[in-house]
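Down below is the structure, laid out as structure tokens.
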Amino acid sequence: MENPTAGEPRSGRQRALVPVLISLGMLVAVVSSLGAPLVPTIAAEEHVSLGDAQWSLTVTLLVGALVTPVMGRLGDGPRRRAVMLGALVAVLTGCVLAALPLGIGCLLTGRALQGIGLGLVPLAIATARDALPPERSRPAVAMLSITTVAGVGLGYPVTGLIAQSFGLYAGYWFGAAVSAAALVAAALVLPPSPSRPAPRLDVAGALLLGGALAGLLLALGEAELWGWSSWRLLTLAGISALLLGAWVVHESRTAQPLVDLRLIRDRTVLTAHVTALVAGVGMYLLVSLATRFAQTPREAGYGFGASVAVTGLVLLPYSLASTAAGRIVPLLVRRAGTALVLPVGCAVSLAAVLAFALARGQLWELFAVMTVAGFGIGWMFALLPGLIVGSVPAHETGSAMSFNQVLRYVGYSTGSVLSATVLQAHTATGHALPTGDGYRTAALLACAVWLTMIVVTAVLPPRSRRGAVATPLPGAAAGPRTPDEDVAQEVMR
């Protein structure tokens with residue numbers, strides 16, 4: 001569908017579209033917050049091991065990674081509205097199942113259905129690009145990109161407080177109420193799907209990518225339990241690598257691929273994808289370390305013995321800072337260009353993990369670290385949709401953003417596993433808690449991640465010169481703009 005013109009009067013539905021799209025992004029954050037903070041509570045309530053309870057987080061990420069590319073491709077055609085409403089119905093059903101005290105099997109089934117909702121953000125971004133005039137779509141796209149980051153700090157304390165005050169299942173009933181409200185709002189406000197030819201779903205590509213991602217995320221999730229050198233892990237990793245290679249070959253040869261890998265040849269798109277993957281690793285390394293450190297009893301010689309609710313509050317400044325960063329980035333892009341802004345964002349994140357490695361003896365220091373970290377992550381994630389949307393054809397927006405989102409999920413899982421592995425390596429036999437040095441080692445590993453990203457983001461993006469003209473891909477927005485102007489116009493003013 002065509003964008004409304006700037007002078008066209010806006011109806012109530014058009015005015016409500018941006019808040020509804022952002023609410024979908026916040027719903028994804030709420031679904032995510034029903035995972036990690038509640039793992040110990042699930043283990044206690046369901047009388048299962050922490051390893052089994054961890055599946056309440058793993059299965060959601062796994063399903064999200066599997067369905068997001070498929071939803072992105074289906075959402076690039078006339079089925080977008082139906083796909084988005086169907087995903088919301090699945091999330092609502094999953095929250096209700098998880099809220100019923102019917103055992104761990106029912107809870108995991110519910111969490112799996114909730115994972116379908118993780119594919120909503122790319123479709124919301126595609127909807128904003130198609131249905132809104134440029135002056136309204138740019139800030140909406142940037143905000144949608146950071147909702148999942150900002151929502152971490154908002155969802156964790158809310159769900160943690162509810163579960164702590166009213167029990168485990170109350171947290172899932174809260175998720176069900178939020179999902180129901182989002183479903184009603186979306187049904188009333190979402191515009192009709194774009195009038196484009198229905199894309200043929202690449203079933204073979206979906207199966208190959210799904211198998212590769214499932215194997216990879218399962219290997220990451222079970223690495224600590226199986227051991228990094230176990231035959232099961234190595235076999236699973238090898239099969240996943242073969243499937244991924246077969247997927248790349250298949251996507252390069254098929255006429256209507258699940259993910260158009262030719263778009264990655266554009267250095268701007270490649271930069272966005274590499275940043276999403278590695279920033280996801282760095283983000284979850286620190287978030288996992290900070291939340292575990294805050295909850296560690298003081299008797300261990302470190303930590304603050306914080307409750308689930310207080311631990312969630314540690315992430316609140318993370319959310320606020322990431323939102324603030326999204327409003328500052330466009331101004332910096334216009335003045336300095338992405339070639340400088342991206343490495344500086346990585347440097348801010350590096351400063352945060354370095355501060356965690358050196359200064360975490362007081363609770364206020366942890367709050368300060370998470371504030372700086374939120375600013376750095378929000379800085380980068382606010383840029384990513386502009387890099388992609390300004391470089392791909394409109395009919396590929398949903399698919400390209402979905403692939404970017406999948407890379408984030410892989411990065412999140414990798415960062416979480418790396419933090420757990422390092423801390424386990426610093427846990428003495430017969431002890432339940434790692435030494436304080438384990439946190440320093442893991443933080444230094446995160447420093448290495450961000451140092452690598454500084455180099456990558458300084459070298460990889462295309463260099464623009466004053467007066468240079470961007471050459472958009474076929475079907476992308478055209479005009480005499482530089483690459484940095486493309487990005488600046490696609491992120492929030």
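A quick note: this is a predicted structure, and the numbers were derived from the prediction, not measured.
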Write down the atom of [X], the atom of [Y], and the distance for their closest heavy-atom approach.
{"X": "Leu100", "Y": "Tyr169", "result": "O-CE2, 4.1 Å"}
{"X": "Ala131", "Y": "Pro191", "result": "CB-CG, 3.9 Å"}
{"X": "Trp226", "Y": "Arg232", "result": "CD1-NH2, 3.1 Å"}
{"X": "Leu88", "Y": "Ala182", "result": "CD1-O, 4.0 Å"}
{"X": "Arg73", "Y": "Leu201", "result": "CG-CD1, 4.4 Å"}
{"X": "Gly119", "Y": "Pro122", "result": "O-CD, 3.4 Å"}

Quick one: pull up [atom1] in [X] and [atom2] in [Y] and give me the separation to the nearest 0.5 Å.
{"X": "Thr275", "Y": "Leu387", "atom1": "OG1", "atom2": "CG", "result": "7.5 Å"}
{"X": "Leu243", "Y": "His250", "atom1": "CG", "atom2": "NE2", "result": "12.5 Å"}
{"X": "Ser322", "Y": "Leu315", "atom1": "OG", "atom2": "CG", "result": "10.5 Å"}
{"X": "Phe174", "Y": "Ser179", "atom1": "CZ", "atom2": "OG", "result": "9.5 Å"}
{"X": "Asp130", "Y": "Ile125", "atom1": "CG", "atom2": "CD1", "result": "12.0 Å"}
{"X": "Tyr409", "Y": "Tyr412", "atom1": "OH", "atom2": "OH", "result": "7.5 Å"}

Q. Strictly under 6.0 Å, is that where the ring centroids of Trp379 and Phe375 end up?
A.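 Yes, ring centres under 6.0 Å apart.
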
Any heavy-atom pair between the side chains of [Y] and [X] that's under 4.5 Å?
{"X": "Ser349", "Y": "Met380", "answer": "yes"}
{"X": "Thr414", "Y": "Tyr284", "answer": "no"}
{"X": "Val281", "Y": "Val410", "answer": "no"}
{"X": "Ser419", "Y": "Leu445", "answer": "no"}
{"X": "Arg292", "Y": "Pro434", "answer": "yes"}
{"X": "Leu123", "Y": "Met401", "answer": "no"}

Counting distance only, does the side-chain N/O of [X] pair as donor-acceptor with the main-chain N or O of [Y] below 3.5 Å?
{"X": "Arg80", "Y": "Ser193", "answer": "no"}
{"X": "Asp202", "Y": "Thr254", "answer": "no"}
{"X": "Ser240", "Y": "Leu216", "answer": "yes"}
{"X": "Glu251", "Y": "Leu261", "answer": "no"}
{"X": "Arg408", "Y": "Leu277", "answer": "no"}

Q. Checking side-chain contact (heavy atoms from CB on, under 4.5 Å) for the pair Leu190/Leu21: CA distance, chi angles, key distance, verdict?
A. CA-CA 8 Å; Leu190 283 181; Leu21 293 178; 4.0 Å; yes

Q) Given Met84 and Leu24, is the side-chain contact (heavy atoms from CB on, under 4.5 Å) satisfied, shown in steps? A) CA-CA 10 Å; Met84 295 178 74; Leu24 297 184; 3.6 Å; yes

Q) Is there a side-chain contact (heavy atoms from CB on, under 4.5 Å) between Arg265 and Arg262 once you walk through the steps? A) CA-CA 6 Å; Arg265 297 173 187 171; Arg262 292 169 295 182; 3.8 Å; yes

Q.
Evaluate Leu423 against Leu289 for side-chain contact (heavy atoms from CB on, under 4.5 Å), listing each step before the verdict.
A. CA-CA 9 Å; Leu423 294 181; Leu289 291 173; 4.0 Å; yes

Can you give me every donor-acceptor pair (side chain of residues 59-72, partner residue at least two apart or in another chain, under 3.5 Å) with its distance?
from  : atom 1 : to     : atom 2 : distance (Å)
Thr60 : OG1    : Ser56  : O      : 3.2
Thr60 : OG1    : Arg111 : O      : 3.1
Thr60 : OG1    : Arg111 : NE     : 3.2
Thr60 : OG1    : Arg111 : NH2    : 3.2
Thr68 : OG1    : Gly64  : O      : 2.5

Q) Can you say whether the rings of Phe403 and His273 are parallel (under 30°), tilted (30 to 60°) or perpendicular (over 60°)? A)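 Rings of Phe403 and His273: perpendicular, over 60°.
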
